[in-house]
Structure formats: C-alpha cells, structure tokens
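Report on one structure; see the data block that follows.
The first residue of the sequence shown is numbered 1, and numbering continues consecutively from there.
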Amino acid sequence: MPKPLQIAILSGAVLLGGCNLVISEQPWFTEGQAGPRLRPGVWVNLDPAGCTFDFAQPVENWPECAEPMIVRGDDYILREEADREGPPRWQTVRHLVVAGTPLIDQIEWRDKDETGERTRKVYFYTGLAPTAYAADGAITEVKRWLVQCGPMDPAPRKPKSGPRPQTVTKRPFPGLKVEGTNCTAANAEAVRGAAKASEAISGNDRSSPMIGRWVRYGSS
C-alpha cells in the first residue's frame with residue numbers, strides 16, 4: 001500500500017480489489033456484543049511514523065498524513081476523495097466495536113459499480129487496541145490494524161511481464177478460507193483469532209498499523 005493504512009481501511013479503495021483481508025457478506029457480530037464506544041466527534045487517523053500539524057485547523061486544511069474521520073453514534077463519516085475543483089466528498093459507513101481481546105471493529109462497506117453507485121455490501125474487520133480513555137469510558141485514542149487472511153511472503157520485485165504478484169496469503173490463519181484475493185471465516189471465533197494473529201504481522205510493508213486520536217467535539 002503506497003499510503004498509510006487509513007487510506008485502505010477508511011476509503012475502501014483496495015477492499016474488493018484484493019488486499020489479503022478477512023471479509024464477509026453478513027456480519028459476524030451483533031449489537032449485543034458491543035464493546036466500549038469511540039468518543040463522538042472529530043478524529044484523526046495518523047501514520048505511526050509521525051505527522052506534525054495544527055489539530056485546531058479545520059479538517060479541510062489537514063495534511064495528507066492526517067486522515068479525518070467523524071464518529072457519530074454507530075457511524076463513521078469519512079472523506080471519500082479530494083476534488084481539486086471543490087470541497088471533498090464524504091460518506092457514511094456503519095460500524096460496530098465488538099467487546100473482547102482484542103477489540104474488533106466490524107465495518108460495513110458498499111463497493112461501487114460501473115456507474116458509481118454503491119451496490120454490493122460486505123463487511124471487513126480491524127483490530128483495536130485502546131491507548132487512552134475519557135472519564136466516561138469512551139475511547140479517545142486507539143491503535144488499529146487490518147484483520148488479514150494470513151502472513152504474506154516478502155513482496156518480489158515487480159515483474160516486467162508474466163503473472164501478477166501474489167495478493168493473498170498462501171498460509172491462511174486457522175478457520176479462514178481463501179476466496180479470490182481475500183478470505184472468509186468459518187465462524188466468529190476465526191475472525192477473533194485472525195485479529196490476534198494479524199496484530200503480530202501488522203508492521204509489514206503491506207499493512208502498517210495506524211493511530212486514531214480524538215480531536216474535538218463537532219463535525220469539522
């Protein structure tokens with residue numbers, strides 16, 4: 001991935017194109033399994049390598065290394081793409097933080113068809129490790145990583161011709177089945193196991209973790 005993890009998990013740009021992710025057509029977790037909530041308001045998703053800027057600035061003025069996200073109830077409001085001729089477009093994405101170790105964020109995604117309409121609905125998953133809480137127990141800072149299908153071999157040099165490079169693991173985690181360029185889980189326990197195992201490999205060049213941090217109340 002050429003940019004920090006937030007571009008992958010918050011824009012969905014690579015989800016259905018194949019990125020070694022655990023996905024499902026139906027949610028594995030329900031509201032009855034909900035864990036602590038993220039504090040509502042403006043969040044920033046950062047590359048752990050660092051990103052220095054003025055958090056007080058409107059989100060439109062934040063640099064590329066700082067991806068804004070609005071948390072509103074069970075929704076993320078995400079900046080879909082920047083338009084050089086006008087303001088950025090936003091979209092609403094449903095999600096559920098699931099209790100357990102680690103916490104799992106179940107994120108609903110609708111892929112675009114040829115006309116630009118969002119049609120096919122799938123779910124993908126990230127692990128969450130809270131690093132700060134508000135007095136009321138709401139999460140205010142978190143490390144986030146993708147729940148992957150399994151470890152990937154080191155990326156080879158891009159060939160001039162021949163088959164495309166590997167985009168999904170040859171060694172899926174227990175309870176996972178490779179389907180196309182992503183994978184599916186046999187049950188919710190397999191998703192949980194993959195979330196734990198994915199944290200250990202989340203620092204590789206294909207999936208860097210990111211830091212999410214609450215900035216302020218509001219939506220701008």
To the nearest 0.5 Å, how far apart are CE in Met69 and CH2 in Trp90?
10.5 Å

Would you check if [X] and [Y] make a side-chain contact, meaning some heavy-atom pair closer than 4.5 Å?
| X | Y | value |
| --- | --- | --- |
| Asp153 | Arg171 | yes |
| Leu46 | Met210 | no |
| Ile201 | Phe173 | yes |
| Arg192 | Val98 | yes |
| Ile139 | Trp43 | yes |

Which pair of heavy atoms, one from [X] and one from [Y], lies closest together, and at what distance?
| X | Y | value |
| --- | --- | --- |
| Arg79 | Glu67 | O-OE2, 3.8 Å |
| Ala185 | Ala190 | CB-CB, 4.0 Å |
| Asn20 | Thr169 | OD1-N, 2.9 Å |
| Met152 | Val168 | SD-C, 3.3 Å |
| Ala66 | Val44 | CB-CG2, 3.6 Å |

Thr131 and Glu141 side chains, donor-acceptor separation under 3.5 Å:
yes

Using distance alone, with no hydrogens and no angle criterion, decide if Arg39 and Thr140 have a side-chain donor and acceptor under 3.5 Å apart.
no

Apply side-chain contact (heavy atoms from CB on, under 4.5 Å) to residues Tyr76 and Leu38 and explain how you reach the verdict.
CA-CA 10 Å; Tyr76 291 145; Leu38 276 64; 3.8 Å; yes

For a quick test of your reading: what N or O donor-acceptor pairs under 3.5 Å do the side chains of residues 23-34 make, sequence neighbours left out?
| from | atom 1 | to | atom 2 | distance (Å) |
| --- | --- | --- | --- | --- |
| Ser24 | OG | Gln26 | O | 2.7 |
| Ser24 | OG | Tyr125 | OH | 2.7 |
| Gln33 | OE1 | Thr30 | N | 2.9 |

Per side-chain contact (heavy atoms from CB on, under 4.5 Å), Leu176 is matched among Val22, Asn182, Val147 by Val22

Starting from the C-alpha separation in whole Å, work towards a yes-or-no answer on side-chain contact (heavy atoms from CB on, under 4.5 Å) for Val93 and Trp109.
CA-CA 7 Å; Val93 176; Trp109 185 257; 3.9 Å; yes

Any sub-3.5 Å donor-acceptor pair from Ser198's side-chain atoms to Gln148's backbone N or O?
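Yes.
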
For Phe53, enumerate each residue passing the ring-ring contact (aromatic ring centres under 6.0 Å, His included) test, keeping only those at least two apart in sequence or located in another chain.
Phe55, Trp62

Could I get the full list of salt bridge (Lys or Arg N to Asp or Glu O under 4.0 Å) partners for Arg72, not counting sequence neighbours?
none

